Amino acid sequence: MALPRKSAFLRIDTPRNVHQVIPVLKVRKDDTMHVAICSPRVWGYATHWDGKRTIRCTLGTGTCICKSGQMPTRDKGFVLVANGAGQLLGFLELTPMAWHELQALSTNIDGLRGKVVKVFRQYGSMKGRLMVEPWGEYQGTHPLPKDRDPEPTLRRIHGLPDLD
Ligand SMILES: [Zn+2]
């Protein structure tokens, strides 16, 4: 399994003011990565596009911009991923379609951990569909990192206060 070259094809949103930085990884055009999935299942969030960037829907806390009007919502999925040596890479951001394709690789809802997938953009462009293909099982000697909830990372990226 090739080690991903992070700087070559991933835009990394780094949380501010955080001791343990877990980057959010977005697959860019013209490259391919193979990652081992650490999460048992995809973490899913509703998001909005505010004209500049994707922000998480925070309607559950009563403060989301979608409350004030019609605001399209787009689901995004995240899975914690590692490289072939079992080193933590970050949260891989998935489109709704890639999310469902990835989740479909597991016959039970919590069966994704340990699967290796190839991710890339179809047609080599940012507008190309994000593709997820099965690539076997993780065979590294180190145990995969334990799963983490992406919520604290996403809240920091979006400038929201930490939850208790
Ligand atoms: Zn919202």
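Note that ligands are numbered from 1 as they come in the structure, with each ligand's atoms numbered from 1 the same way. On a predicted model such as this, the values are computed, not experimentally measured, just so you know.
- For the side-chain contact (heavy atoms from CB on, under 4.5 Å) test, residues two or more places apart in sequence or in another chain that qualify with Q122 are R129, M131.
- A donor-acceptor pair under 3.5 Å is absent between the side-chain atoms of R41 and the main chain of R113, judged by distance alone.
- In the hydrophobic cluster analysis, where Ile, Leu, Val, Met, Phe, Trp and Tyr join through side-chain heavy atoms closer than 4.5 angstrom, V79 is grouped together with W99.
- In this structure, V117 and V35 have side chains that are in contact, with non-hydrogen atoms separated by less than 4.5 Å.
- A cation-pi geometry, defined here as NZ or CZ lying under 6.0 Å from the six-membered ring centre and within 45° of its normal, holds between K118 and F120.
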Worked verdict on L92 versus K26 for side chain to side chain contact (heavy atoms under 4.5 Å, CB included): CA-CA 6 Å; L92 177 65; K26 302 180 185 194; over 6 Å; no
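- Counting only distances under 2.8 Å, and ignoring water, the protein N, O or S atoms around the Zn ion (ligand 1) are H48 NE2, C57 SG, C64 SG, C66 SG.
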